[in-house]
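Taking it in order: structure first as structure tokens, then the write-up.
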Amino acid sequence: MSKKDNNEKNYMVMGMCFGMMAGAVAMCFSIIFGHIIFGVMCLGFGYMIGMIVGMCIKKKN
């Protein structure tokens, strides 16, 4: 059952980490100004955009 993994390596997880950090900063600023819902949306969009950007960048072998 050993199957060779032919998937391309990318930086999806690292992109999600950086997206979460950027979303958390945006969430802090929106909470300071009293818009909690926009802060949660910023956090979610940070995850999604970070994941997409990380998937577009391929790792070198």
With clusters defined by side-chain heavy atoms of hydrophobic residues (ILVMFWY) lying less than 4.5 Å apart, directly or transitively, does [Y] cluster with [X]?
X	Y	result
Val25	Phe18	no
Phe29	Met27	no
Met48	Ile37	yes

query: Which heavy atom of Lys59 sits nearest a heavy atom of Asn10, and at what distance?
result: CE-O, 3.5 Å
- request: Give the minimum heavy-atom separation between Cys42 and Ala26, together with the two atoms involved.
  value: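 For Cys42 versus Ala26, the nearest heavy atoms are CB-CB, 3.8 Å.
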From [X] atom [atom1] to [Y] atom [atom2], the distance as rounded to the nearest 0.5 Å:
X	Y	atom1	atom2	answer
Lys58	Met55	NZ	CE	7.0 Å
Met51	Cys56	CE	SG	10.5 Å
Tyr47	Ile52	OH	CD1	15.0 Å

If you count heavy atoms of other groups shown closer than 6.0 angstrom to [atom1] of [X], is the number above 12?
X	atom1	value
Met21	CE	yes
Met41	CE	yes
Ile31	CD1	yes

Note, Met20 side chain near Met16 side chain (heavy atom, < 4.5 Å):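 No, side chains not in contact.
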